[in-house]
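For reference, the structure is listed below as structure tokens.
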Amino acid sequence: MLLWLILLVVLIVIIHFKFPYLLKDIQYGVQTTLVGYRLGKYAQSKPYFTVLDRFLELASKQPDKTFISYKDATFSYRETDRQSNRIARVLREHAGVREGDTVALLLSNEPVFLWTWLGLAKLGCSAALLNYNLRSRSLLHCFSCCGAKVLLAATELKDAVEEVRAALTEQEVAVYFLTETCDAVAGTETLCDRIQEASGDPLPSGLRDSVTFISPAVYIYTSGTTGLPKAAVVNQQRLWAMSHLQSITGVCSDDVIYVNLPLYHTAGFALGFTGVIERGASVVLRKKFSASQFWDDCRKYNVTVMQYIGETMRYLCNTPKSPVDMVHNVRIAFGNGLRADVWSEFLRRFGNVEIRELYAATEGNMSFINYVGKIGAVGRINQLHKRRFPFAVIRYDPEMEEPIRNAEGLCIECPLGETGLLVSRITQMAPFNGYARDEKQSERKRLRDVLQKGDVYFNSGDLLRIDQESFLYFQDRVGDTFRWKGENVATNEVSDVLTMMPSVVEANVYGVKVPGAEGRVGMAAVRWQEGVESDGSALYGALYRHVCAYLPSYARPRFIRIQSHMEVTGTFKQMKGRLVSEGFSPDVVQDPLLILEEREECYAPLTRQAYDAILQGSRKL
């Protein structure tokens, strides 16, 4: 008996050192299998069991439990249910919203955002989640491509609505404000009084009888790789899959989840808000992220789970140190984009928080979770998971901007340690739903004949590598998108805006790295109209006003490089490689360089002093 016990201990020790992640691999495999089983069960239910049905189930089982905390107010599951009933009733009776309609939301992070989405779901409708930073042409484009005939907006965004009101009127779009006054915008109405007077009683479930697992739940916008933002179609099944992330990371019904990322993003809405519904937990909602008040909020609301993007974690680490840095109850943090050095500093500074870094795309059909907490990795290959959701990292030519293929015309998988393009196979279990009303862009994300003739894969547009221990590491983005301030910036969109200015003949936009900063900061090489004074303050001021009028702050180029001619390829594509590598260094770049000066409200020549301050971190961009 003793011998068997010794052998067992030896075997456990060998397994531990030979396969240190085996138990966590098994645990993750079981969790994802259970999620798959649950989603399959939902798909077979009649009527289809949606995220809304889960909320109604909770409102019945735990009506008095706090669902939303916002500022100094709290709203229970019962109160949220009744408030969403009022909104649904008014939208149906006054705005004429019916099952199958799409309604666009231009709202910030407030409880009314959550109530409104639940109300629309009760009518069998989908919601288009508009980025409230967008203006003019971009905003109108995002609204138009989702096919909505109703826009619900916050009064604080009335200026943005006014800019596109004439175009919306031409499209016979009804605009309603969800707050008390809307006098400043002609041709609109406020629904506030009607909602307050409406009944909070339940609506008939028959209003959403035709909703199935493939019905659109929300449209979430992504910059993708080219052009204006595209509306990714998130159907009911996809929303459910996203909502289960919290369960896989270890969140339970007793947790309090802090959501300060924008609700128009997948992270804030699906991974945060609807994930809370799946768990039956509580959500703390904040209008905007604040590094200085983050931990005070966590202590005030007893937060146990936090969301992040890499930039927000860096901001937290840059706050002044405090004796109470580790005084909090946060045990889990999940998100993406966390740099290895910031990761380590966060743990040293704020204690032993379980960080669950993940990799995913709103429109994608594959995701990874770093469920073992390996610093710097975005995920881990789990063979059980890979069998159900096949993917590959393939060799990619950045100059030609396409995969490298062999003599048979098939793609070549990268060996371990080599950086390549991540692609995931499109199957019935892992579909790609594409973009609303944009089949051309949808097709661009499909990569055919990858590992065998006739197969179809989703092109992530991201470069990753896999190490010897099966961990994945994000390396870079390909194509015409870079990430800054937690937002994807489409270079073609910024170029289009710049060339709308009569003085700009051509613009080549790209992202450049800045020491100590997450992502890449926007830079544009521009060619002026012939005869235009290229060093006048009036021109620089006009350029500043132009980009501020048409672009959100994160998309405005921080640096301008003035060129007399643009380099292009043999097929007339603008060349970015050399421009990116040269960056914004006055020692390297021979062309005139400008920097965006927000205080002076203009662009100005980039001085050596300003350049050194940026490198030293004393000047923020």
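Every heavy atom of this structure was used, including side-chain atoms; hydrogens, water molecules and symmetry mates were not. The structure presented is a predicted model; accordingly, all values stated were derived computationally and were not measured.
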I'd like to know if the side chain of Glu413 reaches the main chain of Ala392, judged simply by a donor and an acceptor atom lying under 3.5 Å from each other, with no hydrogens or angles considered.
no
Between the side chains of Glu363 and Tyr435, is a donor N or O closer than 3.5 angstrom to an acceptor N or O?
yes
Of all heavy-atom pairs linking Tyr221 and Cys146, the shortest is OH-CB, 3.4 Å
Are a donor atom and an acceptor atom from the side chains of Asp297 and Tyr258 found within less than 3.5 Å of each other?
yes
Heavy-atom nearest pair, Ser495 first then Ala507, reads OG-O, 3.4 Å
One thing to verify: whether Arg314 and Asp341 come together as a salt bridge, which I'm taking to mean a side-chain N less than 4.0 angstrom from a carboxylate O.
no
Assess the pair Phe368 and Phe391: is the distance between their ring centroids shorter than 6.0 Å?
yes
Side-chain ion pair, Glu156 and Lys287, N-O less than 4.0 Å
yes
Heavy atoms of Cys145 and Ala231 approach each other most closely as SG-CB, 3.9 Å
Would you call Lys445-Glu443 a salt bridge at under 4.0 Å N-O?
no
Mind running side-chain hydrogen bond (donor to acceptor under 3.5 Å, both in side chains) on Arg349 and Thr319 for me, showing each step along the way?
CA-CA 11 Å; Arg349 175 90 178 268; Thr319 57; 3.3 Å; yes
Main chain of Val526, side chain of Gln563: is a donor-acceptor contact present, judged purely on distance under 3.5 Å?
no
What's the shortest heavy-atom distance between Val324 and Arg299, and which atoms?
O-NH1, 3.0 Å
Ring pair (Phe, Tyr, Trp, His ring centres under 6.0 Å) contacts touching residues 469-526 (sequence neighbours left out)
Tyr21-Phe471
Arg380/Glu469 ion pair, N-O < 4.0 Å:
no
Modelled atom types, side-chain donor and acceptor of Glu357 and Tyr308, under 3.5 Å:
yes
Under-4.0 Å salt bridge between Asp325 and Lys321
no
Donor on one side chain, acceptor on other, Tyr359 and Asn370, under 3.5 Å
no
Note: Leu316 and Ala291 closest approach over all heavy atoms is CD2-O, 3.9 Å
Exercise: do His565 and Glu506 side chains pair donor with acceptor under 3.5 Å
no
Do we see a donor-acceptor contact under 3.5 Å between the side chains of Thr304 and Asn329?
no
Aromatic ring pairing Phe350/Phe346, orientation class (parallel under 30°, perpendicular over 60°, tilted between):
tilted
Classify the side-chain pair Asn508/Lys576 by whether it contains a donor and acceptor separated by less than 3.5 Å.
yes
Students often mix this up, so state it plainly: with edges at 30° and 60°, are the rings of Phe584 and Phe559 parallel, tilted or perpendicular?
parallel
Can we call the ring centroids of His546 and Tyr550 under 6.0 Å apart?
yes
Test item: Asn109 side-chain N/O and Leu263 main-chain N/O as donor-acceptor pair under 3.5 Å:
yes
With no hydrogens and no angle check, do the side chains of Asn133 and Tyr264 hold a donor and an acceptor under 3.5 Å apart?
yes
Is any side-chain N of the basic residue among Glu487 and Arg483 closer than 4.0 Å to the acidic one's carboxylate O?
no
Have Thr419 and Arg395 got a donor and an acceptor in their side chains that come within less than 3.5 Å?
no
Any chance the side chains of Glu110 and Ser108 put a donor and an acceptor closer than 3.5 Å?
yes
May I ask you to decide whether Glu582 forms a salt bridge with Arg561, counting only side-chain N to carboxylate O separations under 4.0 Å?
yes
Residues Arg286 and Gln293: closest non-hydrogen pair is NH2-OE1, 3.3 Å
Enclosure of Lys513 NZ (heavy-atom neighbours >12, cutoff 6.0 Å):
no
Is the number of heavy atoms from other residues, nucleotides or ligands under 6.0 Å of Asn352 CG greater than 12?
no
Please work out which of the three classes, parallel, tilted or perpendicular, describes the rings of Phe269 and Phe113, given edges at 30° and 60°.
tilted
